[in-house]
Asks: 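Mind having a look at this structure? Questions to follow.
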Number of protein chains: 2
Amino acid sequence: MSLEQIAYNIKFFRDQHNWTQQELADKLMISRSVVTKWENSTATPDIASLIKLSNVFDVSLDHLTGNYSFRNDLLKDFKRIYSSKDKPFDDEIVELMEYIMIHPMFKEQIYKLKKLPIKKQLSVQQLFSNLIDQYEKL
Amino acid sequence: MSLEQIAYNIKFFRDQHNWTQQELADKLMISRSVVTKWENSTATPDIASLIKLSNVFDVSLDHLTGNYSFRNDLLKDFKRIYSSKDKPFDDEIVELMEYIMIHPMFKEQIYKLKKLPIKKQLSVQQLFSNLIDQYEKL
DNA sequence: GTAAAATGTTCCAAAGGGGAACAAAAGGGG
DNA sequence: CCCCTTTTGTTCCCCTTTGGAACATTTTAC
């Protein structure tokens, strides 16, 4: 359950802002001891407080609670955000993003690839392509 | 405050799924009357319940609560919001996305990889990893 | 080492969530 | 239009749990 995550994150974001518990409590207009309890999982904020936290920290509720999963609407958010940047968005990219995120080792390898000299990159890509073709036929 | 928004949204998403209050209550393993109260702002779910709701409805907490914030540089904010120390959505991913978008052929190959049986995927990933290592040493 | 700041703990009252039972609407057939 | 079923709303009450104040402990700075 992500209730402990909330506790951790409250402290994390508070530290990130270099706020004392008292300062955070003031912003939320609550007692300081409550902040302590939140951060130690002795208590859990109600929803109104959680929303206030998300606002003073300027992070999403999902980030604050650690409630991320690959929900469609998150991907849609990304799609919306990213495609608004320059070009129309490619649905396949979203799938690949997810795939890469699920396979961190593979991700690292691609990351290494990206750092190789261009010519090597193209060679690797070519070999990779052959590899895939072979495995498709197996 | 978006507490009324939550009430509205719970009913909205429940209707969208064509669930009765009872059905929703069953999924959350709580009493039905509580759902009624949530939807009428007679009560507000605690955070654990809110997270469950976000999961059964498959929407983000921010969607569920109407806690939208509109930011200027969307991509930048998106990166900031979804990146954290465990980095489910880190800078590298965005870099890789761009890389893959720039190399459509490569993209297609990864796309093919993704569609292979799991075991083949892992084999390919392993070989790919070796390949990269080799090229790094050249 | 000491004083101040920051954080943690304990106690208690109050608030409010949750469940059960009852009440009221809403939807169909006949 | 009425009856029966389904769905939704309300009331009452228990009881968990929050939140605050005061006290305790730890950390920091000098």
Asks: For DNA chain C, whose closest nucleotide is more 5', that of B:Arg32 or that of B:Ala43?
Replies: B:Ala43
Asks: Under 4.0 Å, counting only non-hydrogen atoms across every strand here, what does B:Thr20 touch: a base, just sugar-phosphate, or nothing?
Replies: sugar-phosphate
Asks: How many whole angstroms separate atom NZ of A:Lys37 from atom C1' of C:dT9?
Replies: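 Rounding to the nearest Å, NZ of A:Lys37 and C1' of C:dT9 are 9 Å apart.
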Asks: Between B:Gln21 and D:dG9, is there a side-chain N or O to OP1/OP2 distance below 4.0 Å?
Replies: yes
Asks: Give me the ring orientation class for B:Phe57 and B:Phe13: parallel if the planes are under 30° apart, tilted from 30 to 60°, perpendicular past 60°.
Replies: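 B:Phe57 and B:Phe13: tilted rings.
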Asks: Answer yes or no: is there a side-chain heavy-atom contact under 4.5 Å between B:Tyr135 and A:Lys112?
Replies: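 No, every pair of side-chain atoms sits at 4.5 Å or beyond.
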Asks: I need the CD-P distance between B:Gln22 and D:dG9, as an integer number of Å.
Replies: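 Between P of D:dG9 and CD of B:Gln22: 13 Å.
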Asks: Please find the pair of heavy atoms, one from A:Glu39 and one from A:Lys11, that lie closest to each other, and give the distance.
Replies: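 Closest approach of A:Glu39 to A:Lys11, heavy atoms only: OE2-CA, 3.5 Å.
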Asks: Nearest whole Å is fine: how far is D:dG19 P from A:Asp26 CG?
Replies: 16 Å
Asks: Which nucleotide in the set D:dG20, D:dT10, C:dG18 lies at the smallest distance from any side-chain heavy atom of A:Val34?
Replies: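 Nearest nucleotide to the side chain: D:dG20.
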Asks: Say whether A:Asn130 and A:Gln134, considering side chains only, have a donor N or O and an acceptor N or O under 3.5 Å apart.
Replies: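 Distance-only check fails for A:Asn130 and A:Gln134.
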Asks: Roughly, in whole Å, what's the span from CD1 in A:Ile10 to C1' in C:dT7?
Replies: 15 Å
Asks: Is B:Ser49 close enough to C:dG18 that one of its side-chain N or O atoms is under 4.0 Å from OP1 or OP2 there?
Replies: yes
Asks: Do you know which two heavy atoms are closest between A:Ile47 and B:Pro45, and how far apart they sit?
Replies: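 In this case the closest contact between A:Ile47 and B:Pro45 is CD1-O, 2.8 Å.
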Asks: Of all the choices, C:dG19, D:dT8, C:dG8, which nucleotide is nearest to the side chain of B:Thr36 once you look at every atom?
Replies: D:dT8
Asks: By the 4.0 Å heavy-atom rule, please label B:Trp19 as base, sugar-phosphate, or nothing.
Replies: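 If one applies the 4.0 Å heavy-atom cut-off, B:Trp19 turns out to touch nothing in the nucleic acid.
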Asks: Whole Å only: how far is the CG atom of B:Leu24 from the P atom of D:dG9?
Replies: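 Distance, rounded to whole Å: 13 Å.
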Asks: Can you measure A:Met29 atom CE to D:dG20 atom P for me and round it to whole angstrom units?
Replies: 11 Å
Asks: Compare side-chain N and O positions of A:Arg14 against OP1 and OP2 of C:dT7 and report whether any pair is under 4.0 Å apart.
Replies: yes
Asks: Once you round it to whole Å, what is the distance between P of D:dT17 and CD1 of A:Ile47?
Replies: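 Spelled out: CD1 on A:Ile47 to P on D:dT17 is 16 Å.
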Asks: For D:dC30, which nucleotide is its Watson-Crick or G-U wobble mate, given both distances must be under 3.5 Å?
Replies: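 Paired with C:dG1.
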Asks: For B:Glu39 and C:dG18, what is the distance between atoms CD and C1' respectively, to the nearest whole Å?
Replies: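 It is 16 Å, rounded to the nearest whole Å.
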